[in-house]
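Take a look at the structure below.
In what follows, every chain begins at residue 1, and chains take the letters A, B, ... in the order their sequences are listed.
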Protein chains: 4
Amino acid sequence: MDKYVLKIKCSDQKGLIYKISTVLYENSLNIEKNSEFVDDESEKFFFRARLDGQIDAQKIKSELQAVMPSDASIVLKKKVKKNIVILATKESHCLGDILLKHDSGELNANILCVVSNHDTLRALCERFKVEYHTVLSKDLSRIDHEKRVLEILNNYEIDYLVLAKYMRILSQEFVSAYEQKIINIHHSFLPAFIGANPYKQAYNRGVKIIGATAHFVNNNLDEGPIIAQDVISVNHEQSWKDMQKAGRNVEKVVLSNALDLVFDERIFIHQNKTIIF
Amino acid sequence: MDKYVLKIKCSDQKGLIYKISTVLYENSLNIEKNSEFVDDESEKFFFRARLDGQIDAQKIKSELQAVMPSDASIVLKKKVKKNIVILATKESHCLGDILLKHDSGELNANILCVVSNHDTLRALCERFKVEYHTVLSKDLSRIDHEKRVLEILNNYEIDYLVLAKYMRILSQEFVSAYEQKIINIHHSFLPAFIGANPYKQAYNRGVKIIGATAHFVNNNLDEGPIIAQDVISVNHEQSWKDMQKAGRNVEKVVLSNALDLVFDERIFIHQNKTIIF
Amino acid sequence: MDKYVLKIKCSDQKGLIYKISTVLYENSLNIEKNSEFVDDESEKFFFRARLDGQIDAQKIKSELQAVMPSDASIVLKKKVKKNIVILATKESHCLGDILLKHDSGELNANILCVVSNHDTLRALCERFKVEYHTVLSKDLSRIDHEKRVLEILNNYEIDYLVLAKYMRILSQEFVSAYEQKIINIHHSFLPAFIGANPYKQAYNRGVKIIGATAHFVNNNLDEGPIIAQDVISVNHEQSWKDMQKAGRNVEKVVLSNALDLVFDERIFIHQNKTIIF
Amino acid sequence: MDKYVLKIKCSDQKGLIYKISTVLYENSLNIEKNSEFVDDESEKFFFRARLDGQIDAQKIKSELQAVMPSDASIVLKKKVKKNIVILATKESHCLGDILLKHDSGELNANILCVVSNHDTLRALCERFKVEYHTVLSKDLSRIDHEKRVLEILNNYEIDYLVLAKYMRILSQEFVSAYEQKIINIHHSFLPAFIGANPYKQAYNRGVKIIGATAHFVNNNLDEGPIIAQDVISVNHEQSWKDMQKAGRNVEKVVLSNALDLVFDERIFIHQNKTIIF
């Protein structure tokens, strides 16, 4: 039996749950789980349900559209594995963790390929028989480098781009081409330590906790909607390299948890925030 | 405008959300937030909503009863401050934290009185003008002691009994008299270190984390439904008294968080577990 | 028997532990616990020991001074309760927590008095028989207000000033008058959300964790050496007021832990960081 | 320049630090970092230092032995990569994490081989060119199975055996053959949920936190000295399989942290506890 996810976002008004549940009930749909949230500030309503059964998605969508507010965005899709491309640079921990989960069948996604600005991680990808493209950035402008990366990406139907410690800043054009589809892991608890070498920044500031943040990428560096964060304790005995080493475990787990949420379609992006069911 | 909480527990079947939302919609009720959960093992459905407005609770309940499964337990009540009695022994941190929150208006409850088997905390309660009853246990059997405590309790209409480090074990009779109304804080992450002096047990076992657990009390010591838990790190340098001191901060925060959930009626007890919306 | 704390800070060189332990051994001192750290960047050596016994502190210090590098700062003091003044504004949770711990004998300090720019917390302090001074800021310049506060403080011998949610920014002159003696609790995990209303900032940024930071105060707002930090998880359902409420438990515990470390003389301030033994 | 670790355990008495530092100073040794701890209950003294330079270990040890209490155990060894064998069953997350860290040069150990009671993880090990031995347990008594495993292990010089989710209970004989050399990861915060399927036990108990524990193995199941523990929050929506999935990230990180501590020789085992510097 197929499984579907229904996601609705619209202006809030009385009776929305009643209207949605009426349509679903009249179509004899079995709701496995539903969640809703109203953002009081923007007066927006968010709804997600997992549905079971033989579903005429087009019919259900039309019927829902007919009763919901005119600004309603309604998505009803069969749950399938996402198709992803991973961008990485030199560090292996996040990429390796994804490859391992993919290998053991725990990742709800197909890895189409890995693209990197270095050749460093090729051997690792080859171990797992994952296609690897190196696009060296030497002697290339940022735009030219991105162009070559995009040429590779254009060969694939991509649901999500995962930046698994990809250490280059993406241009506005690049980000726009994959709007709300790029997930990054940043090695600090944002908004602290935006930008380069956050562990060094953390060390210099003398913080007692360090962390990692997975977020969607938008046009402002490290400022997109946050999906997941976690932290660990550090102390004065740790150099910034010690912090970096300890932080890697946090980075890979936070990214992994974020990907699970994204691939399971449990997230709404609203303004610069996420609503996670 | 009054605020109400609707809580429903029944056998799961198709269309329950539809049926509930139809009744609420037809009565023009504004649902502020609703949550639902289906326990797949027992096939039970749990629903909670916060409602706003002028409500004829009796009418709504009847209409819901008419459409819900016959085993449905339906509670629809105006949100009011709970009336609580606190039982304590000698340690002041949990009691003091509750008194402070009560004093600053953050506690969603009225403290009717404090009952203790020692006179130690009388001065603290008097500072906050809270009635204090000492029931010494010396020369009394457990049953006789409880009888005298119950005599005091019987003078009050009690929604919840809060055991704020009350270091006596309650008899089955006592617990039955306040079924699902007694909240205890245990100074370990249950089910580890049930019983006496869990910090000493933790020290002896050499654990690297200690914790606290707030739970409803049932007839098995420290085995009732868990509401909230938290932990902190410890190391070999800490004696069991150091752990006890560090643990007190965890205990009072875990108890406080649990009381917020209970007083806000966000909890269902199901078998030996809690479902928390 | 008296207890002493010995703290040494100096340039690093070979044999420092040997030299220190020789002096202590030849004076038949019992070292209960010693800790050392070398900061590789600045090549500074830090040492702390708890000593037991009848100690001629002046003699020991001279002997140590004779063998240590010329830049050595050596402190050897009997462990005594610190004398503190608390500055607060309107929120009671941090102040109340300190008053409770003081009341139960768990605070390693005497509270000389509480000074506030509002009268709000007077009743609370009076419950605990702690002197309370209100210095209203209405119609006063910052400098004039501080002057009146300082006039009060000048009546006391103060080891530490504790800012228990004191919501006014201190001038450079004020801070200089109590250098390395002012401890503040900031309601965010610094350096995120410096300045006003960090919970609102956190809500607007859509973070998934919020926190609190206890730090020494220097001349840059919220940028002094960090003593302790902790965080809790939050989600999209929480308004900034919900976050504020949840955060209060973190604030008071982080401040309390920091005060324990300070009062126990376990901290070195080095540049803009703390070294905590 | 070589790096050494000096570890001393003996009865506590006055002047031990003086005596140790005198020997080290007279041998012109550069102490990079030293740590000490006295266990007040057993009156034992523990000391660890990292030393730098050209060291005549035999000479230093003799000189230390001459001045330390007669029960002193003194270990002074060059820091080298440990040689380890990993035992696993079917789950890949802990093994895979170790293989990845080994592959990227972050593991302070050589993996001699992997031994499993199933063939499931062979492909993964082959990806990383790590020798894999399957010892099926079908039709074999526990003793016979262990005998065959031991026959394989006997071919190697093993510093540590890592049980990376090895789901078989080891006999007393097996454990004795590798005393204080076997590290296990248990999928609960011990001592809660000893034995089989702790996630199911945790689910049934309705706990709000689950965790993992890395510990040395002794003759009592899951009761050896604890090295590292960590937890994550769970809620009523999670089935035991969801908890298991979420817990895997904790398991692998806790095991990894424990191995770092072990391979870096930062641990003393004392009675049933660890002292970690």
Which atoms of Leu29(A) are under 4.5 Å from chain B, going by heavy atoms: the side chain, the backbone, both sets, or neither?
backbone
Using a 6.0 Å cut-off, check whether atom NZ of Lys33(A) has over 12 heavy atoms from anything other than its own residue.
yes
Given Val38(B), Asn30(B), Asn34(B), Asp40(B), the one with more heavy-atom pairs under 4.5 angstrom with chain A than any other is Asn34(B)
Side chains of Tyr25(B) and Lys19(A), heavy atoms from C-beta outward: is any pair under 4.5 Å?
yes
Would you confirm whether Lys14(A), through its side chain, and Ser28(B), through its main-chain N or O, come within 3.5 Å as a donor-acceptor pair?
yes
Distance, nearest 0.5 Å, that separates OH of Tyr18(B) from OG1 of Thr22(A)
5.5 Å
Look at atom NZ of Lys77(A) and say whether more than 12 heavy atoms of other residues, nucleotides or ligands are closer to it than 6.0 Å.
no
Does atom NZ of Lys200(A) have more than 12 heavy-atom neighbours, drawn from other residues, nucleotides or ligands, at distances under 6.0 Å?
no
